[in-house]
Undergrad: 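I am attaching a structure below and will ask some questions about it afterwards.
These values consider heavy atoms only, across backbone and side chains, with no hydrogens, waters or symmetry-generated copies.
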Amino acid sequence: MGTLRDLQYALQEKIEELRQRDALIDELELELDQKDELIQKLQNELDKYRSVIRPATQQAQKQSASTLQGEPRTKRQAISAEPTAFDIQDLSHVTLPFYPKSPQSKDLIKEAILDNDFMKNLELSQIQEIVDCMYPVEYGKDSCIIKEGDVGSLVYVME
């Protein structure tokens, strides 16, 4: 058996090994958290692309099937965010409603707009106006809010 000094030295070595292992575990946990965050971000991006691609490919498949069957193609509808029926002078007198909300809600809405492929290129002042105009709406359980294929005229941000 070793002397007390040898045992104390061995104990110090084991403590140092444990510290090194703990440091390694901490580094690996941090790396794992970062990778989980990246996976979540990529999953969100993938979901966004799927939500755009699936309807578009289904529409293309329907059109190609109808063309193959000799049915006439339907004309595509145009989408425009610019008001066409109003004179710009008439719009200058319009005051937009303002709904107070918490800073967290404002940030959530702004991030949702910036994540949206169709709205992310708006000017910051336009985004701020949209954020200010949005208001909370609550729906009951099992309510149908948006049905795939419906024409959309509203923007929803789920909190």
Undergrad: Can you hop from Y99 to Y156 via hydrophobic side chains spaced under 4.5 Å?
TA: yes
Undergrad: With hydrophobic residues grouped by side-chain heavy-atom distances under 4.5 Å, do V137 and F98 end up in a single group?
TA: no
Undergrad: Nearest 0.5 Å, please: how far is CD1 in I109 from CG in D132?
TA: 9.0 Å
Undergrad: Suppose clustering is done on Ile, Leu, Val, Met, Phe, Trp and Tyr with side-chain heavy atoms closer than 4.5 Å. Which residues sit in the same group as Y9?
TA: none
Undergrad: Could you pull out all residues at least two apart from E111 that satisfy salt bridge (Lys or Arg N to Asp or Glu O under 4.0 Å)?
TA: none
Undergrad: Enter the distance from I146:CD1 to L154:CG here, rounded to the nearest 0.5 Å.
TA: 8.5 Å
Undergrad: Measure the spacing between CD1 of I127 and CG of L114 and express it to the nearest 0.5 Å.
TA: 4.5 Å
Undergrad: May I ask you to decide if P100's main-chain N or O and K106's side chain share a donor-acceptor pair within less than 3.5 Å?
TA: no
Undergrad: For Y135, is the OH atom crowded, meaning more than 12 foreign heavy atoms sit under 6.0 Å from it?
TA: no
Undergrad: Once rounded to the nearest 0.5 Å, what's the spacing between atom SG of C144 and atom CG of D150?
TA: 7.0 Å
Undergrad: Between L18 and I25, is there a shared hydrophobic cluster once you connect ILVMFWY residues whose side-chain heavy atoms come closer than 4.5 Å?
TA: no
Undergrad: State whether the number of non-hydrogen atoms from other residues, nucleotides or ligands found under 6.0 Å of K101 atom NZ is greater than 12.
TA: yes
Undergrad: Please give me the minimum heavy-atom distance between C133 and P97, naming the atom from each residue.
TA: SG-O, 3.2 Å
Undergrad: Are L122 and L124 co-members of a hydrophobic cluster defined by side-chain heavy atoms under 4.5 Å apart?
TA: yes
Undergrad: When you measure from the side chain of K120 to the backbone of A112, do you find a donor-acceptor pair of N or O atoms at a distance under 3.5 Å?
TA: no
Undergrad: About how many Å separate CD of E29 and CG of L24, when rounded to the nearest 0.5 Å?
TA: 10.0 Å
Undergrad: Spell out, yes or no, whether I130 and M158 are grouped together once hydrophobic residues are joined by side-chain heavy atoms under 4.5 Å, including indirect joins.
TA: no
Undergrad: Pair up each side-chain donor or acceptor in residues 33-42 with any protein partner under 3.5 Å, not counting sequence neighbours, and list the distances.
TA:
unit_1, atom_1, unit_2, atom_2, d
K35, NZ, E31, OE2, 3.2
Q40, NE2, N44, OD1, 3.2

Undergrad: About how many Å separate CD1 of I15 and CG of D22, when rounded to the nearest 0.5 Å?
TA: 11.5 Å
Undergrad: Answer yes or no: are there more than 12 heavy-atom neighbours, outside E123 itself, under 6.0 Å from its atom CD?
TA: no
Undergrad: In the structure I gave you, are the side-chain heavy atoms of M119 and V155 within less than 4.5 Å of one another anywhere?
TA: yes
